[in-house]
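Note that the structure is a prediction, hence the values are computed from the model and not measured. Chain letters run A, B, ... following the sequence lines, proteins first, then strands; residues in each count from 1.
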Number of protein chains: 2
Amino acid sequence: MKGLMSLATRSSRTESRPALSRDRVLRAAIELADEGGIGAVTMRRLAESLGAEAMSLYHHVANKEQVLDGVVDVIATEINEVVGRITLPTRGAAWQSAARERILTARRLLLRHRWAPSVFESRTTTSPAVLLYYDGLIGIMRDGGFSNDLAHRAMHALGSRALGFSQELFTPGDGPATGEPDPVMASMAARLPHLVGMLAEVMHDDPDSTLGWCDDQAEFEFGLDLLLDGLDRRR
Amino acid sequence: MKGLMSLATRSSRTESRPALSRDRVLRAAIELADEGGIGAVTMRRLAESLGAEAMSLYHHVANKEQVLDGVVDVIATEINEVVGRITLPTRGAAWQSAARERILTARRLLLRHRWAPSVFESRTTTSPAVLLYYDGLIGIMRDGGFSNDLAHRAMHALGSRALGFSQELFTPGDGPATGEPDPVMASMAARLPHLVGMLAEVMHDDPDSTLGWCDDQAEFEFGLDLLLDGLDRRR
DNA sequence: ACCTGAACACCGTTCAAGT
DNA sequence: ACCTGAACACCGTTCAAGT
């Protein structure tokens with residue numbers, strides 16, 4: 001009797017929603033963030049998306065911080081799986097293309113989640129999967145002949161670029177190219193001659209550019225190569 | 001009679017607390033953040049520190065986002081005042097030392113507020129003072145012979161480094177050098193041979209280093225010079 | 001072991017009311 | 001014009017109670 005009851009209970013729950021688990025919580029959090037940004041991830045809405053009550057989550061994660069830690073770890077694990085399949089020589093001068101490929105691959109995966117960079121940055125304790133990713137990158141540099149000291153400085157110099165993202169400096173909204181003369185823009189141009197002149201020319205040369213201030217692929221690669229070239233020279 | 005009353009009211013308020021103003025609100029927010037981190041800055045506590053009610057703040061700032069925008073602008077204005085007094089040649093090859101000095105000066109001021117980098121990064125609309133700072137840096141590059149296109153790429157490559165800060169990658173907590181053998185550390189070493197080996201050597205060479213993962217001055221300058229050298233070569 | 005409802009201590013912000 | 005108290009719609013999290 002008791003067995004039948006619990007069986008019925010379990011199966012009725014399974015129909016509407018499988019049992020909660022840490023993994024299901026983390027994946028639901030990623031889905032929620034993909035849909036509505038990281039701000040959409042609240043314990044209450046997360047639970048709701050899983051067909052449960054907010055308090056039920058606390059049986060699988062200690063608190064919200066741990067949800068974010070876990071989300072980072074899930075994504076970094078995915079990155080590790082893909083970069084782990086890269087087979088490229090790493091010895092000597094080959095280190096640079098290997099590192100470049102590893103970083104650009106991480107970038108491709110990371111940017112599937114536009115909210116992810118800021119969450120990666122906000123973590124104070126580093127996820128094991130991120131450490132594993134760094135370990136592989138350091139290994140490539142060591143193969144290339146880097147001393148531990150240079151590898152250390154290199155990791156620092158790369159910063160978040162090691163994982164494939166870089167900060168947006170700013171988004172100037174509507175730039176100087178919006179047809180009719182804008183008085184706000186005009187007074188800005190007077191105070192910011194170099195900035196406005198630069199943006200005007202960049203816009204003119206490439207009207208499709210997003211004013212060049214977003215984390216554009218070409219810009220990312222320019223900065224990355226600047227660093228990798230410099231590191232190779234100090235090798 | 002009415003005049004006397006209002007005079008009395010004003011003077012009695014002045015004794016305990018001068019009238020609120022946007023500027024006083026922003027300065028109180030900076031003070032609060034300096035004391036307890038940016039998390040300590042809530043509208044309620046901000047008002048309390050000014051001897052007012054939370055709702056009174058809304059007569060001087062539109063909302064909390066605007067408080068943070070204003071805080072960034074106040075700090076960037078302070079930076080502009082100091083870097084504006086730098087008198088260093090900027091023509092030709094001299095651009096590099098001028099840019100370096102400007103950036104390291106900004107860094108000195110910015111790091112008086114340890115919470116500031118993350119707030120600078122979190123702003124979506126850029127403060128006029130930050131734009132003015134960028135404009136000056138672009139001007140230095142143009143004096144150095146940069147095309148607008150290269151200056152644009154350079155600003156991108158520098159990212160937050162243009163303002164004097166770079167991300168902490170992670171803080172590995174207690175590193176491998178803590179005397180007694182730690183089982184957690186041992187299993188980590190097995191999985192992360194390059195990372196642990198690197199940190200062990202860096203620690204050994206410089207026991208005072210903060211495990212090298214904080215935004216250390218020497219590390220910042222290494223990364224900055226790597227970028228400035230590379231940009232000079234592409235000039 | 002897992003899940004839940006009610007409650008607590010906070011948030012930012014709106015509104016109507018005061019001077 | 002400036003300031004305020006009460007209230008609203010949210011948060012994350014604790015607790016005691018359910019199965």
Side-chain angles (χ1 to χ4, degrees), chain A residues 1-26 28-29 32-33 36-71 119 122-124, chain B residues 1-26 28-29 32-33 36-71 119 122-124:
Chain A
M1 184 64 173
K2 198 176 159 206
L4 275 177
M5 283 276 285
S6 77
L7 198 64
T9 307
R10 192 184 307 141
S11 84
S12 83
R13 185 182 57 201
T14 310
E15 282 171 66
S16 52
R17 48 186 165 109
L20 286 177
S21 71
R22 184 183 141 84
D23 194 64
R24 263 176 43 77
V25 170
L26 300 182
L32 220 51
I38 198 62
V41 181
T42 71
M43 296 303 271
R44 283 171 160 91
R45 277 194 262 184
L46 186 49
E48 192 190 6
S49 83
L50 288 160
E53 298 299 315
M55 304 314 118
S56 307
L57 303 179
Y58 288 87
H59 288 277
H60 302 96
V61 291
N63 51 40
K64 189 182 175 180
E65 281 296 288
Q66 213 186 72
V67 172
L68 298 179
D69 287 343
V71 155
V119 179
S122 72
R123 303 299 81 207
T124 55
Chain B
M1 184 66 175
K2 198 175 159 209
L4 275 178
M5 284 273 287
S6 78
L7 197 66
T9 307
R10 192 184 307 141
S11 84
S12 83
R13 184 181 62 201
T14 311
E15 282 173 65
S16 51
R17 45 184 168 109
L20 287 178
S21 71
R22 184 183 141 86
D23 193 64
R24 263 177 44 78
V25 169
L26 300 182
L32 220 50
I38 197 64
V41 180
T42 70
M43 296 303 269
R44 284 171 159 89
R45 277 193 263 185
L46 187 50
E48 192 190 7
S49 83
L50 288 160
E53 298 300 313
M55 302 318 117
S56 306
L57 303 179
Y58 288 86
H59 288 275
H60 302 95
V61 291
N63 51 40
K64 189 181 176 181
E65 281 297 288
Q66 213 188 72
V67 172
L68 298 179
D69 287 344
V71 155
V119 178
S122 71
R123 303 299 80 208
T124 55

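Across the protein-nucleic acid pair, A/Met55 atom CE and C/dA1 atom P stand 21 Å apart, rounded to whole Å. The CZ-P distance, from B/Arg22 to D/dC2, rounds to 15 Å in whole Å. Between A/Tyr58 atom OH and C/dT4 atom P the separation is 14 Å, expressed in whole Å. The distance from atom CD of A/Glu53 to atom P of D/dC11 is 14 Å, rounded to the nearest whole Å. Computed from coordinates, the B/Arg44 CZ to D/dC10 C1' distance equals 11 Å when rounded to whole Å. Look at NZ on A/Lys64: it is 12 Å from C1' on D/dC10, rounded to the nearest Å. Remark: C1' of C/dT4 and CE of A/Met43 are 15 Å apart, rounded to the nearest angstrom. Per the geometry, NE2 belonging to A/His59 stands 12 Å off P belonging to C/dG5, to the nearest Å.
OP1 or OP2 of D/dC11 sits under 4.0 Å from a side-chain N or O of A/Arg45. At C/dA1, none of the side-chain N or O atoms of A/His60 fall inside 4.0 Å of OP1 or OP2 (strictly under the cut-off).
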Query raised in the report: Hey, mind stepping through A/Met43 and A/Val67 against side-chain contact (heavy atoms from CB on, under 4.5 Å) and telling me if it holds?
Result: CA-CA 9 Å; A/Met43 296 303 271; A/Val67 172; 4.3 Å; yes

Query raised in the report: When you look at A/Asp69 and A/Val61, which way does the side-chain contact (heavy atoms from CB on, under 4.5 Å) test go after all the steps?
Result: CA-CA 10 Å; A/Asp69 287 343; A/Val61 291; over 6 Å; no

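B/Ala40 approaches B/Leu32 most closely through the heavy-atom pair O-CD2, 3.8 Å.
A heavy-atom distance below 4.5 Å is found between the side chains of A/Gln66 and A/Arg22.
When heavy atoms are screened at a 4.0 angstrom cut-off, B/Ser56 is found touching base atoms of the nucleic acid.
Legend: residues meeting salt bridge (Lys or Arg N to Asp or Glu O under 4.0 Å) with B/Glu65, ordered by chain and number and at least two apart, are B/Arg123.
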Query raised in the report: For DNA chain C, what is the dot-bracket line, given that a base pair needs Watson-Crick (N1 to N3, plus N6-O4 or O6-N4) or G-U wobble (N1-O2 and O6-N3) geometry with both distances under 3.5 Å, and | means paired with another strand?
Result: ||.|||||...|||||.||

